[in-house]
J.: 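Right, I'll just put the structure down here and ask away after.
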Amino acid sequence: MTTRQVMVGLDGSPQSEAAAVWAAQEAQRLGSALCLLHVWPWLSGENVDRSNPCDLRPAALDVLARVADRIRLAHPGLAVEVAVRPDDPVDGLIAEARGQEMVVLGSRGLGGFAGLLVGSVSLAVAARATVPTVLVRGKSPDHDFARSTGEIVVGLDSRQPGEAVLDFAFTEAERRGATLRAVHGWDPVPAWAFGGVVLPPVDLPAQESTESALLSGHLADQRARHPGVNVVEDVRLGGAARAVLDAAAGAELVVIGRRERRHHVGALLGPVAHAVLHHSTTPVVVVPHP
């Protein structure tokens with residue numbers, strides 16, 4: 001891969017094929033090529049042996065070809081490539097994503113909790129990838145990703161918003177002609193007292209005014225760079241994850257950040273990103289930033 005592409009991880013599931021449909025639309029908006037990638041450790045070498053029932057490469061190539069044909073039919077001018085990589089799915093996707101525009105994955109989850117529908121591979125890639133990672137919630141390739149509110153929601157921490165997150169959100173809103181809703185959820189800082197944790201005496205209107213001013217300040221540079229983007233500043237009392245999820249209902253896209261810091265057990269998603277990924281029904285972009 002010598003040029004920047006939109007890369008989608010395809011495992012043959014309906015959810016991953018829905019992600020491929022979304023990725024094709026995004027690649028067309030970007031004027032970029034699309035790469036359909038299948039990663040699995042038990043793939044043979046380049047010599048395909050269809051007579052060998054243990055050789056999984058032919059089946060993988062058949063799935064890739066079928067999805068590629070469908071996308072080429074829907075987007076005649078879009079360059080579509082297919083690739084396979086014999087590797088651990090998480091490690092392989094992260095390695096192939098380096099230097100690409102973004103990596104797009106379906107949000108298939110196989111657990112027993114109906115409200116937690118993101119699979120472990122998607123979460124691990126979102127936690128470690130060096131490029132924006134999109135998790136698409138779609139049950140089938142025929143899922144309708146048409147806009148409803150015409151908004152992109154970006155969740156921001158007014159203290160550390162992340163310039164890369166803002167840049168991605170403003171650029172995407174400008175490209176789509178969408179309104180950008182900048183959401184900041186906050187809670188009063190609790191304090192310890194004799195009876196346990198209590199809320200301190202806080203002037204809530206004054207604190208909300210302070211939070212709003214901080215958010216406006218962080219948005220000023222990007223607003224100047226993207227004067228055509230309509231921006232709604234949305235400051236909500238009640239916590240960051242809940243604020244983003246409430247605002248995301250009916251949106252085209254949700255953009256959240258992920259700090260590029262490593263725990264002793266590896267890269268981790270923060271609690272807000274984790275909650276949004278698990279519960280949002282809207283495609284979510286995780287943008288890494290310092």
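Reckoned from all heavy atoms, side chains included, excluding hydrogens, waters and symmetry mates. Note that the coordinates shown come from a computational prediction; the quantities given were computed from them, not determined experimentally.
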J.: Please tell me if the side chains of His218 and Leu156 come closer than 4.5 Å, counting only heavy atoms from C-beta onward.
T.: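 With C-beta onward as the side chain, the pair stays apart.
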J.: Strictly below 4.0 Å, N to O, side chains only: are Asp91 and Arg128 in salt-bridge contact?
T.: yes
J.: Do the side chains of Leu253 and Arg176 get nearer than 4.5 Å, heavy atoms only?
T.: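 Answer yes - side chains close enough.
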J.: Using every non-hydrogen atom in the two residues, find where Ala27 and Ala33 come nearest and quote the distance to one decimal.
T.: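 Scanning both residues completely, I find the closest heavy atoms to be CB-O, 4.1 Å.
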J.: Assigning hydrophobic clusters by single linkage (Ile, Leu, Val, Met, Phe, Trp, Tyr; side-chain heavy-atom cutoff under 4.5 Å), is Leu78 placed with Leu64?
T.: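 Linked, Leu78 and Leu64 end up in one cluster.
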J.: For the CE atom of Met102 and the CG atom of Leu30, what is their distance to the nearest 0.5 Å?
T.: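 The CE atom of Met102 sits 5.5 Å away from the CG atom of Leu30.
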J.: Starting from Val67, can I reach Leu61 by hopping between I/L/V/M/F/W/Y residues whose side chains sit under 4.5 Å apart?
T.: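 Result: yes, single cluster for both.
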J.: Rounded to the nearest 0.5 Å, how far apart are CG of Asp234 and CZ of Arg181?
T.: 5.0 Å
J.: Is there a side-chain contact between Leu10 and Glu17 (heavy atoms, below 4.5 Å)?
T.: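 They are in side-chain contact.
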J.: Side chains of Leu34 and Ile71: does their closest heavy-atom pair fall under 4.5 Å?
T.: yes
J.: Is any side-chain heavy atom of Arg175 closer than 4.5 Å to one of Glu26?
T.: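 Yes, at least one pair of side-chain atoms sits under 4.5 Å.
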J.: So do the side chains of Asp221 and Phe170 get within less than 4.5 Å of each other, counting heavy atoms only?
T.: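 The answer is no, as the side chains (C-beta and beyond) never meet within the 4.5 Å cut-off.
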J.: Is it the case that one hydrophobic cluster holds both Leu180 and Val232, taking links as side-chain heavy atoms less than 4.5 Å apart, direct or via other members?
T.: no
J.: Answer yes or no: is there a side-chain heavy-atom contact under 4.5 Å between Val82 and His38?
T.: no
J.: Look at the side-chain heavy atoms of Ile, Leu, Val, Met, Phe, Trp and Tyr, link any pair under 4.5 Å apart, and say whether Leu166 and Leu214 land in one connected group.
T.: no
J.: For the pair Arg72 and Asp69, find out whether any cationic side-chain nitrogen is under 4.0 Å from an anionic carboxylate oxygen.
T.: yes
J.: Regarding Glu233 and Ser212, do their side chains bring together a donor and an acceptor under 3.5 Å, going by distance alone?
T.: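 Side chains of Glu233 and Ser212: no pair found under 3.5 Å.
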J.: How close do Gln5 and Gln100 get, counting heavy atoms only, and between which atoms?
T.: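 Of all heavy-atom pairs spanning Gln5 and Gln100, the closest is N-OE1, 2.9 Å.
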J.: With side chains defined as the heavy atoms from C-beta onward, is the minimum distance between Gln222 and Arg225 less than 4.5 Å?
T.: yes
